[in-house]
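Below you'll find the structure, written out as structure tokens, and then a few comments.
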Protein chains: 2
Amino acid sequence: MRDADLQEIRALPLFRDMGEAPFADLMRGAYHQNFPAQVTLIEEGRPADFLHIVTDGAVELFARWSNRETTLAVARPVSTFILAACINDAPYLMSARTMTSSRIAMVPGADLRAAFLKDAAFAQAIVGELAGCYRSVVRHAKNIKLRSSKERLAAFLIGEAEKAGQGSSFELPFEKRILASYLGMTPENLSRALKQLKDEGVMVDGATVRFHDVDRIRAIAMPGRLMDECV
Amino acid sequence: MRDADLQEIRALPLFRDMGEAPFADLMRGAYHQNFPAQVTLIEEGRPADFLHIVTDGAVELFARWSNRETTLAVARPVSTFILAACINDAPYLMSARTMTSSRIAMVPGADLRAAFLKDAAFAQAIVGELAGCYRSVVRHAKNIKLRSSKERLAAFLIGEAEKAGQGSSFELPFEKRILASYLGMTPENLSRALKQLKDEGVMVDGATVRFHDVDRIRAIAMPGRLMDECV
DNA sequence: CGCGTTTTTGACCGATATCAAGTCTTGTGG
DNA sequence: CCACAAGACTTGATATCGGTCAAAAACGCG
């Protein structure tokens, strides 16, 4: 790996606090590569050889079953994906594909497990990351099981608005097709749900969204830290 | 804690490989108690003070939102619950209540985090357990998003039959009401789904279930290790 | 500009929820 | 041990949500 790459990886929260020697061992078999959009990085069911870390771009995590497909998460910089499969040396439960051109660091699973045993700071960082991923999926499951599709959409929009900050409008972070899949509905239904929200004062123009009255949307979504990352 | 309890806890996979001193430190503030059925052990939103471990009985993990409630998992001996919240020192995302009279060990979250840093074997056991929990929720989310309710029910029954072993019939492990909630449907709908499966050769009498032809159910559920714990 | 993809729209259908009884089961107190 | 009450389960009627199919419109990219 190039020296500039090493520096970049070293600066990530996951590796920042680990010792010099374990870090060097870990990086010996690691890669840091650019991929174009729409490249499949991982196929579910395959053995987990590498821990992946998105350092730039965006990666869709999805699963297939019987001709159906669903998006379970979108990984953005800087976060890992399929950490759990690597830790347990088990088959991936999700597939991954780049959504945009992306930069991905890959660390061999065996080295990861070795470093985990040698370096307590690294172990702590790993377990913190993993716990965060776990909580994120639990929120996703609660979202799907407890809210209707309209409520899920409203909650998603509120979340994006929070992330975007104080501006009066914001952009959807990815295609509506994928948003629909993430929210557990069909694209047609998302389209209709957006139209329903128009009556509640949500203005949608392509990918840009503007709220007339945030509180009305908030009343539908009833967001909270127990189901939504942002409140 | 009584000595017999200490022995029992020590024998669990989670604690088996850790050193004597860290284990003693960990147990200093720990409890091991019996609870009757239908006791709420944890309320979502509260700070995660204790790691819980079911050593006997069964615990329902559920979440509430806006008058709705859903069962996300059932913890059986020997497994932990709300590990992720303890690790991250964050609020619980799920509530927990005993389903039957149960025995629960409780370890203070702060001690847990301290032991994690001191003992690499314990750290490894914890992270393995956590990764397992993560994969289990991912399976649950896939199940909900990719399968219809009839398919989910069929998959659940196949799983139970596997667990039960070679006997020709098995018992549902808990009330249908809770099974319905776990499978993401109403009790009425579960009742109807069971009747639909009757036409596929599933005989149901109260809580006991018998398959006329497993392969027909298998054809509906199409179980696999990427969505079902057992295949 | 022209093609392929995404998004929208409409009509229709199926799956699932809701509401309302009614039946069965279970646990409790007499 | 029985009677009763509460809760669980089932059943039927009906409503709603969300999915499917088909086609048109909008968008993005070479």
Side-chain angles (χ1 to χ4, degrees), chain A residues 36-38 60 65-71 97 99-101 143-157 171-199 202-209 220, chain B residues 36-39 60 65-71 97-101 143-157 171-200 202-209 220-221:
Chain A
Q38 302 302 329
E60 181 189 2
W65 183 80
S66 176
N67 280 336
R68 287 163 240 178
E69 185 178 309
T70 191
T71 303
R97 73 166 81 94
M99 300 172 79
T100 64
S101 115
N143 207 7
I144 297 288
K145 291 183 81 175
L146 289 169
R147 289 209 260 233
S148 72
S149 60
K150 184 180 173 184
E151 289 162 347
R152 292 198 293 277
L153 174 57
F156 180 85
L157 294 179
E171 302 284 312
L172 295 178
F174 36 77
E175 288 175 359
K176 288 179 185 166
R177 179 176 64 91
I178 292 172
L179 176 57
S181 174
Y182 176 67
L183 294 178
M185 52 179 126
T186 58
E188 294 96 321
N189 229 322
L190 172 60
S191 200
R192 276 173 209 126
L194 278 171
K195 208 194 288 186
Q196 278 186 55
L197 288 186
K198 229 165 251 177
D199 302 338
V202 178
M203 284 150 287
V204 183
D205 176 31
T208 78
V209 180
I220 296 169
Chain B
Q38 301 303 330
V39 170
E60 181 189 3
W65 182 80
S66 177
N67 280 337
R68 286 162 241 178
E69 184 177 310
T70 190
T71 303
R97 75 166 79 96
T98 54
M99 300 172 78
T100 62
S101 117
N143 207 8
I144 297 288
K145 290 183 81 176
L146 289 169
R147 287 208 262 233
S148 73
S149 61
K150 184 180 172 184
E151 289 162 348
R152 293 198 293 278
L153 174 58
F156 180 86
L157 294 180
E171 303 284 312
L172 295 177
F174 36 77
E175 287 176 358
K176 288 180 185 165
R177 178 177 65 91
I178 291 170
L179 176 58
S181 175
Y182 176 67
L183 295 177
M185 52 177 127
T186 58
E188 293 96 322
N189 229 321
L190 172 59
S191 201
R192 283 187 258 269
L194 278 171
K195 210 196 283 187
Q196 278 184 54
L197 288 186
K198 231 166 249 176
D199 302 339
E200 313 274 355
V202 178
M203 284 150 286
V204 183
D205 175 31
T208 79
V209 180
I220 296 169

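Below, read A as the first sequence line, B as the second, and so on, with proteins coming before strands; counting in each chain starts at 1.
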Taking side chain to side chain donor-acceptor pair (under 3.5 Å) as the definition, give me every residue that meets it alongside B/Asn189, ordered by chain and number, with sequence neighbours left out.
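For B/Asn189 there are no side chain to side chain donor-acceptor pair (under 3.5 Å) partners, ignoring immediate neighbours.
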Got a sec, which residues hit side chain to side chain donor-acceptor pair (under 3.5 Å) with B/Thr71, two or more places apart in sequence or on another chain?
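B/Thr71: side chain to side chain donor-acceptor pair (under 3.5 Å) contacts with B/Glu60, B/Ser181.
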To the nearest 0.5 Å, what is the distance between CG (B/Leu183) and CZ (B/Arg147)?
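Nearest 0.5 Å value for the CG-CZ distance: 10.0 Å.
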Considering only nitrogen or oxygen atoms on both sides, find all protein atoms under 3.5 Å from nucleotides 13-19 of chain C and state each distance.
| residue | atom | partner | partner atom | Å |
| --- | --- | --- | --- | --- |
| C/dT16 | OP1 | B/Ser149 | N | 3.0 |
| C/dT16 | OP1 | B/Ser149 | OG | 3.2 |
| C/dT16 | OP2 | B/Ser149 | OG | 2.8 |
| C/dA17 | OP2 | B/Thr186 | N | 3.3 |
| C/dA17 | OP2 | B/Thr186 | OG1 | 3.4 |
| C/dA17 | OP2 | B/Asn189 | ND2 | 2.6 |
| C/dT18 | O4 | B/Arg192 | NH2 | 2.7 |
| C/dC19 | N4 | B/Glu188 | OE2 | 3.2 |

Do any side-chain nitrogens or oxygens of B/Lys195 fall under 4.0 Å of OP1 or OP2 in D/dT10?
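No, no such contact exists.
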Aromatic rings A/Phe174 and A/Phe156: how do their planes relate, parallel, tilted or perpendicular, breaks at 30° and 60°?
tilted
Give the intermediate values and the outcome of salt bridge (charged side-chain N to carboxylate O under 4.0 Å, His left out) for residues B/Arg97 and B/Glu69.
CA-CA 13 Å; B/Arg97 75 166 79 96; B/Glu69 184 177 310; 3.0 Å; yes
Degree of bending, the helix from C/dC1-D/dG30 to C/dG30-D/dC1 (end axes from five pairs; round to 10°):
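Comparing the axis at each end, I get an angle of 50°.
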Counting heavy atoms not belonging to B/Asp205, are there more than 12 under 6.0 Å from its CG?
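Not more than 12 within 6.0 Å, no.
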If you compare all heavy atoms of A/Leu146 against all heavy atoms of A/Glu151, which two are closest, and at what distance to 0.1 Å?
O-OE1, 4.3 Å
Spacing of A/Asn67 atom CG relative to D/dT20 atom P, expressed in whole Å:
11 Å
Protein N or O to nucleotides 4-7 of chain C N or O, pairs below 3.5 Å:
| residue | atom | partner | partner atom | Å |
| --- | --- | --- | --- | --- |
| C/dT6 | OP1 | A/Arg177 | NE | 3.3 |
| C/dT6 | OP1 | A/Arg177 | NH2 | 3.4 |
| C/dT7 | OP1 | A/Lys176 | N | 2.9 |
| C/dT7 | OP2 | A/Arg177 | N | 2.8 |

Classify every nucleotide of nucleotides 25-30 of chain D by which part a protein heavy atom approaches to under 4.0 Å, writing B for the base, S for the sugar-phosphate alone and - for neither, in 5'-to-3' order.
------
Hey, is the main chain of A/Tyr182 close enough, under 3.5 Å, to the side chain of B/Lys145 for a donor-acceptor pair?
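Checked: pair present.
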